[in-house]
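None of the values given here were measured: they were computed from a predicted structure. Sequence lines set the chain letters: A, B, ... in the order given, protein chains first and strands last, and positions in each chain run from 1.
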2 protein chains.
Amino acid sequence: MFSKACEYGIRASIFIAKNSYEGRRVSPKEISEEINSPQAFTAKILQALVKNNLINSVKGAYGGFEIEKDKIAAIKLSHIVKAIDGDNIYNGCGLGLETCDENHPCPVHYKFKEIRDGLKEMLESTNLEELALDIKTGIAFLKTY
Amino acid sequence: MFSKACEYGIRASIFIAKNSYEGRRVSPKEISEEINSPQAFTAKILQALVKNNLINSVKGAYGGFEIEKDKIAAIKLSHIVKAIDGDNIYNGCGLGLETCDENHPCPVHYKFKEIRDGLKEMLESTNLEELALDIKTGIAFLKTY
DNA sequence: TATAAATAGGATAAAAATATCCGAAATAAG
DNA sequence: CTTATTTCGGATATTTTTATCCTATTTATA
Ligand code: FES
Ligand code: FES
């Protein structure tokens, strides 16, 4: 569904959000340990999120990654997915035709569009605040063990 | 969403189904031209579908690929997807945790499960017959141009 | 200002997905 | 039986994704 990069990006963002609420910046090392992802690769993804203004980075001693508290609720999963995987998932044809065009539909167009729109709606209506809260309260997890 | 291989596999299957209704076997060459896919790669995917008993191959002169007419309606998209992409799309965690486990859910588990189950339901309730018919009547297409 | 601690970012490497090539095996028809 | 045709399947190549490594740059603090 999503690329590995995107999966890591979402998990990392949730972890950063949780820590930002607690007033702590986190490093790629800590992040990758907590979400069980390759450190250097995760760092690259964080760079992309910074460039897209979804998270903040602070260089130098006592630096790290954070998200402004009052921005957390405004960051939707859709923003993260779009920043990393682009918007093929929102607009692309399910059978891989060059463009998804209602005037020249593939055989699964109408059925697929429903799923795709459902996913889009879900990603657009889910924000980092609620997800971070689920981690904080311990009802959800960012790694298997 | 699906791999290229899976997209080609679905498009090829629909094309084969349509031609099987018309009593014609088709070659990888004709298939790849009609669905706009790389020929040799498509041939490999067809082999996999044959091994999974979803389509039939006939070697030698006047051979080609076909689907028994009375099997076409019984072949669901879900069978093709499972044969090529496996069942991660049906069971896998949306955030890439090793397993999707209700007892140890990721933060998007419940929201994601709904989408995933919707996709599964769609793939399981869509068969090759209806899709081939849409191609035959010209209301849907297997390539862009 | 010097030092230590961090992220940024370019260069590479490894793995997986996508794609091509070619000879072997099978089969229909003459 | 021979020939032409066609799928099968192994080997290889290319591209994309995933992952690692190392140096430069930035910044807080002593
Ligand atoms: S044309 Fe294929 S999903 Fe719209
Ligand atoms: S645990 Fe992530 S989708 Fe179920």
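Not counting sequence neighbours, the partners of A:D87 by the side-chain hydrogen bond (donor to acceptor under 3.5 Å, both in side chains) test are A:N91. Partners of A:E130 under the salt bridge (Lys or Arg N to Asp or Glu O under 4.0 Å) rule, at least two apart in sequence or in another chain, are B:K111. Residues passing the side-chain hydrogen bond (donor to acceptor under 3.5 Å, both in side chains) test with B:N52: none are found, sequence neighbours excluded.
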_Would B:L142 and A:L97 count as a side-chain contact (heavy atoms from CB on, under 4.5 Å) here? Give the steps._
CA-CA 7 Å; B:L142 290 173; A:L97 300 199; 5.7 Å; no
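Within the 4.5 Å cutoff, side-chain heavy atoms of A:I89 are placed close to those of A:M1.
Along DNA chain C, the stretch of nucleotides lying under 4.0 Å from any heavy atom of chain B spans, 5' to 3', C:dT18 to C:dA29.
Checked for salt-bridge contact, A:E124 and A:K76 miss the test: no charged N lies under 4.0 Å from a carboxylate O. B:E129 has no carboxylate O lying under 4.0 Å from a charged side-chain N of B:K136, or vice versa, which leaves the two without a salt bridge.
Both A:Q47 and A:G63 sit near DNA chain C, but only A:G63 has its closest nucleotide nearer the 5' end.
Residue pairs satisfying the ring-ring contact (aromatic ring centres under 6.0 Å, His included) criterion with at least one member in residues 110-143 of chain B, sequence neighbours excluded, are listed as follows: A:H104-B:F141.
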*Assign a letter to each nucleotide of nucleotides 19-28 of chain D from its 5' end: B, base within under 4.0 Å of a protein heavy atom; S, sugar-phosphate only; -, no contact.*
BBB----BBS
